[in-house]
Amino acid sequence: MGETKYIFVTGGVASSLGKGIISSSIGKLLQARGYKVTIQKFDPYINIDPGTLNPYEHGECYVTVDGHEADLDLGHYERFLGIETTKVNNITTGRIYKSVIDKERRGDYLGKTIQVIPHITDEIKRNVKMLGSKYKFDFVITEIGGTVGDIESLPYLESIRQLKWELGNRALCVHLTYVPFLAAAQELKTKPTQHSVKELQSLGVQPDVLVLRSEHHLNDNLRKKVALFCNVEEEAVVQSVDVSTIYQVPLKMQEQGLDETILRKMGLPVGERPPLGPWKDFLNRRANATEEVKIALVGKYVELQDAYKSILEALSQAATYNDCKLKIEYVQSEHLTTENVAEKLRDVDGVVICPGFGSRGIEGKFVAARYTRENNIPTFGICLGMQCMAIEFARNVLGYSGANSIEMDEKTPHNVIDIMEEQKAITNMGGTMRLGAYECVVNENSKTFEAYGRQHIQERHRHRYEFNNAYKEQYENAGMKCVGINPESDLVEIVEVPGHKWYIGTQFHPEYNSTVLAPHPLFLDFIKAAISN
């Protein structure tokens, strides 16, 4: 195609409007036209990465294949586009400033006064353009976190201003705003959008495309009004109305010619509209599913769905490919006891014991693991969930009543879950866990192998505690098999109880590898077992 094109996605009026979904949808539509596309997220917070952020503050921490803790929007990018992102796809203000300060300390700036302009903005621009120059993408879509008007976003918006000036029609800005409906007046109001665009214009950035987020359909007159007051062509004003699933958004954007408008504005041939056949097939299966499968999510962050975003999406995709509708039952592990577990879990088809850190709610996870094991309910333990399955088994099958993880009880007499050797000398919290993709060899005589259909797999990790191999023989003899082993470290990565319908725990996070068009085999098999249950 020639030189890389750059699309910037900004937001106004309110946060959480779905910039990540719009960015992913644009990427999907351009990818369907044969272009090589990637997406990156710039987060304005000063943390180096979201790895140390509380899920209540930030939601899920996503992990890339190269071991970077990233924003949850990268999960959307991967699920929509079927690509693998890396650390260059998620940049925070903390990383930008750290890079500039490190250069200053080395003397790279030759004694110059370091300022936001040009040094911080140049570093931002370098990170934007690097994806195009180094990795040879046709399109680099850059999502700017936060909203226009936030103080912390100003350096990013200034960088966009400069890049639009430098790159000409190779750079384009898509601005997502909100059009509220006032119930008392029974009217949709465009003034917030006008103010948002005016704020963006005051920073020297004229949006080329406006995406209007609303719960109600926007008529042509309203869109014409917005186009007139915001200096945007009428066909470049599209609406994003609420839909039943985020996976419908690319089709809604395509219907309004969003990708065609972008190509035309960037001087590229429009050509025929891609059919998006497999994507539509997925949506049709989802819409036509009649049977319901009920899965309980047992965790301590269940009141905050973003904390388990990738798990929810992986379950949803697997349910669709099993021609079922997914119903999630959120079970707060902190409140789960031996007295109420039967009431909470007896009507579900399957149970996911969620990942996490710390001791809060951990006993409830042990209770869930025992109940589902003894009552033969399909159970999927992920990361800490797998460790809970192992601890519960040690207590109630092996007879080690005080068994625990070193993370929860440093003085436990049976440390069936221990800290990894390479983690023992680490004191810093950020970016120091076992992170990213690692190899695993699966036992051919296992349910896990039946699900994967292959022996050698690669999955992403985020943990610093591991199954203690000193107890491996006792587990195996008592009926919990260690069926997935890392060939280099001998780390136990998968455990399962063969005599059970489906009782599998993984030390890794398989949800990160599940996409719309390639759902993860373990989730597919788990949902299949839950349906038959």
Side-chain angles (χ1 to χ4, degrees), residues 4 6-12 15-28 30-31 37-53 55 57-99 120-121 123-132 134-135 137 139-148 150 152-157 159-160 163 171-176 211 246 249 306 309-310 313 430-431 435-436 460 512 515:
T4 303
Y6 297 89
I7 299 170
F8 303 101
V9 180
T10 58
S15 58
S16 302
L17 293 180
K19 290 192 300 296
I21 303 301
I22 292 298
S23 299
S24 301
S25 298
I26 293 170
K28 184 68 199 173
L30 293 172
Q31 188 188 59
V37 183
T38 193
I39 315 178
Q40 64 181 173
K41 171 79 179 285
F42 281 169
D43 275 310
Y45 49 74
I46 301 175
N47 304 67
I48 297 295
D49 57 54
T52 55
L53 286 172
E57 294 254 343
H58 189 267
E60 170 187 83
C61 177
Y62 195 77
V63 178
T64 61
V65 286
D66 62 342
H68 176 67
E69 293 171 298
D71 182 78
L72 59 82
D73 275 318
L74 269 71
H76 291 311
Y77 306 162
E78 292 200 6
R79 284 187 285 272
F80 273 63
L81 274 66
I83 61 173
E84 286 186 343
T85 55
T86 65
K87 67 182 296 182
V88 296
N89 293 85
N90 188 205
I91 308 292
T92 66
T93 294
R95 272 180 66 192
I96 294 291
Y97 271 84
K98 186 176 186 301
S99 178
I120 296 299
T121 51
E123 185 66 17
I124 293 169
K125 287 157 60 181
R126 185 184 70 81
N127 278 279
V128 171
K129 293 164 79 173
M130 181 175 62
L131 275 169
K134 186 176 180 181
Y135 300 98
F137 286 100
F139 282 93
V140 174
I141 301 169
T142 303
E143 177 193 345
I144 308 297
T147 55
V148 172
D150 296 344
E152 56 263 36
S153 297
L154 288 175
Y156 295 107
L157 297 172
S159 300
I160 291 174
L163 283 167
L172 177 145
C173 176
V174 176
H175 190 53
L176 174 64
V211 178
I246 57 174
V249 177
D306 274 357
K309 191 66 180 174
S310 292
E313 294 303 327
L435 293 163
R460 302 182 212 183
Y512 295 147
T515 69

From OG1 (T38) to CG (L131), nearest 0.5 Å: 5.5 Å
Look up atom CG in L157 and atom CZ in F8, then write down how far apart they are to the nearest 0.5 Å. 10.5 Å
Set out, in order, the CA-CA distance, both residues' side-chain angles and the distance that settles side-chain contact (heavy atoms from CB on, under 4.5 Å) for Q31 and I83, then state yes or no. CA-CA 11 Å; Q31 188 188 59; I83 61 173; 4.0 Å; yes
Considering all heavy atoms, the nearest Y77-S24 contact: CD2-OG, 3.3 Å
Assess whether atom NZ of K87 is packed by more than 12 heavy atoms of other residues, nucleotides or ligands within 6.0 Å. no
Does F137 offer a backbone N or O that forms a donor-acceptor pair with the side chain of T4 under 3.5 Å? yes
About how many Å separate CG of L72 and CG of D306, when rounded to the nearest 0.5 Å? 5.5 Å
Can you measure from CG (L74) to NZ (K41) and round to the nearest 0.5 angstrom? 8.0 Å
F80 and I246, any side-chain heavy atoms less than 4.5 Å apart: yes
Side chains of T85 and N90: is there a donor and an acceptor less than 3.5 Å apart? no
Does the E143 side chain pair with the main chain of S23, one donor and one acceptor, at a distance under 3.5 Å? no
Do you know the tightest heavy-atom contact between Q40 and V140? OE1-CG1, 4.1 Å
For E152 versus P44, what's the shortest heavy-atom pair and its separation? CG-CB, 3.5 Å
Verify side-chain contact (heavy atoms from CB on, under 4.5 Å) between K134 and V88, making sure each step is shown before the conclusion. CA-CA 11 Å; K134 186 176 180 181; V88 296; over 6 Å; no
Whether N89 side chain and I39 backbone form a donor-acceptor pair below 3.5 Å: yes
Return yes if some donor-acceptor pair links the side-chain N/O of T86 with the main-chain N/O of D66 below 3.5 Å, else return no. no
Is there a side-chain contact between Y512 and V65 (heavy atoms, below 4.5 Å)? no
Which atoms form the tightest heavy-atom contact between C173 and T10, and what is the distance? SG-OG1, 3.8 Å
Working for side-chain contact (heavy atoms from CB on, under 4.5 Å), residues Y62 and H76: CA-CA 10 Å; Y62 195 77; H76 291 311; over 6 Å; no
Output, in order, the C-alpha distance, side-chain angles, deciding distance and verdict of side-chain contact (heavy atoms from CB on, under 4.5 Å) for S159 and E123. CA-CA 9 Å; S159 300; E123 185 66 17; over 6 Å; no
Non-hydrogen atoms of H175 and G12 that approach each other most closely: CE1-N, 3.6 Å
Looking only at heavy atoms, the pair that brings R460 and T64 closest together is NH1-CA, 3.8 Å
Using 0.5 Å steps for rounding, measure from the CZ atom of F42 to the OG1 atom of T142. 5.5 Å
My understanding is that only one of T93, D150, T121, D43 makes a side chain to side chain donor-acceptor pair (under 3.5 Å) with Y156; could you say which? T93
Any donor and acceptor pair, going by atom type alone, linking the side chain of K19 with main-chain N or O of G146 inside 3.5 Å? yes
Quick one: pull up CZ in R95 and CG in N47 and give me the separation to the nearest 0.5 Å. 13.0 Å
Does the side chain of V128 reach to within under 4.5 Å of the side chain of Y6, using non-hydrogen atoms? yes
